[in-house]
Protein chains: 2
Amino acid sequence: MAYVDRGFNSGGGRISPTSAEFARAGIQNDCTLRPARHPQHSVLFYEGDKAERVYELDEGVVMLFKLLPDGRRQVVEILNAGSVFGLSAGEVYDCSAESLTPVKVSTLDRNSLETSPSLQRHVTRCLLSQLETLHDHAVLLGRKSAMERVSTFLMRLVPNRGGFGCVGPTEEAGEDSRSVTLHMTRQEIADYLGLTIETVSRVISEMKRKGLICIDRQDQIRIVNICRVCQMTGMH
Amino acid sequence: MAYVDRGFNSGGGRISPTSAEFARAGIQNDCTLRPARHPQHSVLFYEGDKAERVYELDEGVVMLFKLLPDGRRQVVEILNAGSVFGLSAGEVYDCSAESLTPVKVSTLDRNSLETSPSLQRHVTRCLLSQLETLHDHAVLLGRKSAMERVSTFLMRLVPNRGGFGCVGPTEEAGEDSRSVTLHMTRQEIADYLGLTIETVSRVISEMKRKGLICIDRQDQIRIVNICRVCQMTGMH
DNA sequence: CGACGGCTTGAGGCGCTTCAAGTGCGGTGG
DNA sequence: CCACCGCACTTGAAGCGCCTCAAGCCGTCG
């Protein structure tokens, strides 16, 4: 489990007009704003680092994780574009952040956060959505079986399905299928779902055997029948 | 698992000068603020209810929980005085709230939240602290053994110990012990820690047998040697 | 081609759950 | 005052699901 060095200081260019919410909030102060790109598997910060900067993810996927001293890892959040992270209640980051894909992030000095009410609102909205996701994830980690965890994980990657606003199988006669990209290794999925890599692999194999999914590529899964997978999440 | 009816409409009195942060924030609008008391085991709202009001806990302890359709329950948060809850990213509450002790809560209309910047800051601070707690809890649920979970739970009830700012055993020669009140049944603890009631009971019995704790009353545990219990949390 | 890394598969073991009694304690009533 | 009841908790025995350890497989790259 060797993690890549933080690939920082890469291209501290000027803000692009279409990029961050940070920009939309009207904060364009030279020293506080630095949109930057980082390759896959860059560590943006480590748990315990001084929490001086706040991040907004403009493009790509980032995971937040925590380590126990004996090496056990728990991935606590998977963040998509639009998420704000790196905000801490204390002086230091409470978890580490690593990019799962190439990413584009904007950062902001922690102190300048409080200057903009519209930015405050945006941050609050992000935090609330993260809170709900973490509540759901607590249910997954505390109460679901391995099969339910993997099914829930896969359903999370299908937009507009599985939640309250589930649109159901599309009207079109025919299959209710969809291909999703994981952006994560089996080990990362295991550490997110509170399982071992072997269990994740076994469950995925079983779903394949049952005809619920097809493995197009290692990190590209075709869900053959979305409704059937959704039924296995424990939420129906 | 029968849950008590929501004992609402009890005493919608006027605000007391020493009570909520909501008040300190300068929001004293008659229709938006209603400090109220509720007995132990009152359900303040249910998952799925329209999220019209935001709560602040002035006194007592509240738990937030979610249920799966087959009855499995996960307690997702335990909240102490000062916490804000009932804020939702969507239209409805994402979990249910029940008092573990008699409580005093202030409520605020959801819409009036955005009017006060100082209140915004207070809410953000609360959300951040809840986020960190949920991160820690994800590690507990995903990666810790039963013994580690119970030890972590007990240490959470000891102020100033176990965290970064742990003061260590007090200088005073003698025992490093402390009595804590759980405010929860074994079933509630189990549903919080992602275990069964039997496992929680067995682990507590084993800790008692090892001389780590004494059971004063059912919900009152004396931690005989705090450092030794802390050592079992998996975080050292 | 061979080496490497990520993934899969198998066999066995352990930790927690399940199911089923048993215990202890506070409250009620004879 | 004590017998009885109910409820929460404890304890035991058996089973199962996931973990551990160990090979084996497969695609990629030098």
Side-chain angles (χ1 to χ4, degrees), chain A residues 1-4 40-41 68 70-75 100 140-154 181-210 212-221 232 234, chain B residues 1-4 40-41 68 70-74 100 140-154 181-210 213-221 232 234:
Chain A
M1 279 201 213
Y3 297 108
V4 178
Q40 194 174 17
H41 298 306
L68 290 174
D70 62 4
R72 281 177 286 180
R73 180 174 72 165
Q74 179 64 43
V75 174
L100 291 173
L140 181 148
L141 293 173
R143 291 295 175 221
K144 290 191 181 179
S145 70
M147 178 63 80
E148 288 171 337
R149 292 182 199 206
V150 173
S151 301
T152 305
F153 173 71
L154 290 176
T181 307
L182 307 184
H183 300 307
M184 297 168 80
T185 64
R186 296 288 186 269
Q187 184 63 63
E188 284 158 354
I189 295 170
D191 287 346
Y192 183 47
L193 300 181
L195 299 168
T196 59
I197 183 174
E198 294 95 333
T199 300
V200 170
S201 182
R202 270 185 259 269
V203 169
I204 288 178
S205 294
E206 190 186 337
M207 293 181 80
K208 193 168 56 183
R209 225 174 303 122
K210 285 183 177 169
L212 294 167
I213 58 174
C214 292
I215 313 297
D216 299 345
R217 272 199 344 256
Q218 213 63 273
D219 74 333
Q220 180 96 22
I221 288 183
M232 311 188 68
Chain B
M1 277 200 216
Y3 297 109
V4 179
Q40 194 174 18
H41 298 305
L68 290 174
D70 62 3
R72 283 175 285 179
R73 180 173 72 165
Q74 178 65 43
L100 291 173
L140 181 148
L141 294 172
R143 289 295 175 223
K144 289 191 181 181
S145 70
M147 177 63 78
E148 288 170 337
R149 291 182 201 206
V150 173
S151 302
T152 305
F153 173 70
L154 290 176
T181 308
L182 307 183
H183 300 305
M184 298 169 81
T185 65
R186 297 288 186 271
Q187 184 63 63
E188 285 158 353
I189 296 170
D191 288 346
Y192 183 48
L193 301 182
L195 300 168
T196 60
I197 183 174
E198 295 95 335
T199 300
V200 170
S201 183
R202 270 184 258 269
V203 168
I204 288 177
S205 295
E206 189 186 338
M207 294 180 79
K208 193 168 54 181
R209 224 176 303 123
K210 284 184 178 168
I213 58 174
C214 292
I215 313 297
D216 299 345
R217 273 201 341 258
Q218 213 62 272
D219 74 332
Q220 181 94 23
I221 288 184
M232 311 187 69

Please round to the nearest 0.5 Å and tell me the distance separating atom [atom1] of [X] and atom [atom2] of [Y].
X: B/Ile213; Y: B/Ile221; atom1: CD1; atom2: CD1; result: 4.5 Å
X: B/Leu182; Y: B/Met184; atom1: CG; atom2: CE; result: 8.5 Å
X: A/Ile215; Y: A/Met207; atom1: CD1; atom2: CE; result: 9.0 Å
X: A/Gln74; Y: A/Leu141; atom1: CD; atom2: CG; result: 5.0 Å
X: A/Gln40; Y: A/His183; atom1: CD; atom2: NE2; result: 9.5 Å
X: A/Phe153; Y: A/Leu193; atom1: CZ; atom2: CG; result: 6.0 Å

Problem - Boundaries of the DNA chain C segment in contact with chain B, non-hydrogen, under 4.0 Å - result: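 Extent of the interface on DNA chain C: C/dC16 to C/dC19.
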Problem - B/Asp216: partners by side-chain contact (heavy atoms from CB on, under 4.5 Å), with sequence neighbours left out - result: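 side-chain contact (heavy atoms from CB on, under 4.5 Å) list for B/Asp216, sorted by chain: B/Ser179, B/Cys214, B/Gln220, B/Arg222.
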Exercise for the section: Taking salt bridge (Lys or Arg N to Asp or Glu O under 4.0 Å) as the test, write out the residues that go with A/Arg217, two or more places apart. Expected result: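 Partners of A/Arg217 under the salt bridge (Lys or Arg N to Asp or Glu O under 4.0 Å) test: A/Asp219.
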Practice task
For A/Arg186 and for B/Gln218, locate the closest nucleotide of DNA chain C by heavy-atom distance; then report the residue assigned to the nucleotide nearer the 5' terminus.
Solution key: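 Taking each residue's closest nucleotide, the earlier one in sequence belongs to A/Arg186.
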Problem - Charged N-O contact under 4.0 Å between B/Arg143 and A/Asp191 - result: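 Counted as a salt bridge, because a side-chain N and a carboxylate O are separated by less than 4.0 Å.
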Exercise for the section: Please list, in 5' to 3' order, the outermost nucleotides of DNA chain D lying under 4.0 Å from any heavy atom of chain A. Expected result: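 First and last nucleotides in contact are D/dC18 to D/dC21.
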Practice task
For DNA chain C, find the residues of residues 198-205 of chain B with a heavy-atom distance under 4.0 Å and give them by number; none if there aren't any.
Solution key: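 Output list: B/Glu198, B/Thr199, B/Arg202.
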For residues 195-206 of chain A, please give each side-chain donor-acceptor pair under 3.5 Å, one per line with the distance, not counting sequence neighbours.
residue	atom	partner	partner atom	Å
A/Thr196	OG1	A/Thr199	N	3.3
A/Thr196	OG1	A/Thr199	OG1	3.0
A/Ser205	OG	A/Ser201	O	3.0
A/Glu206	OE2	A/Lys210	NZ	3.2

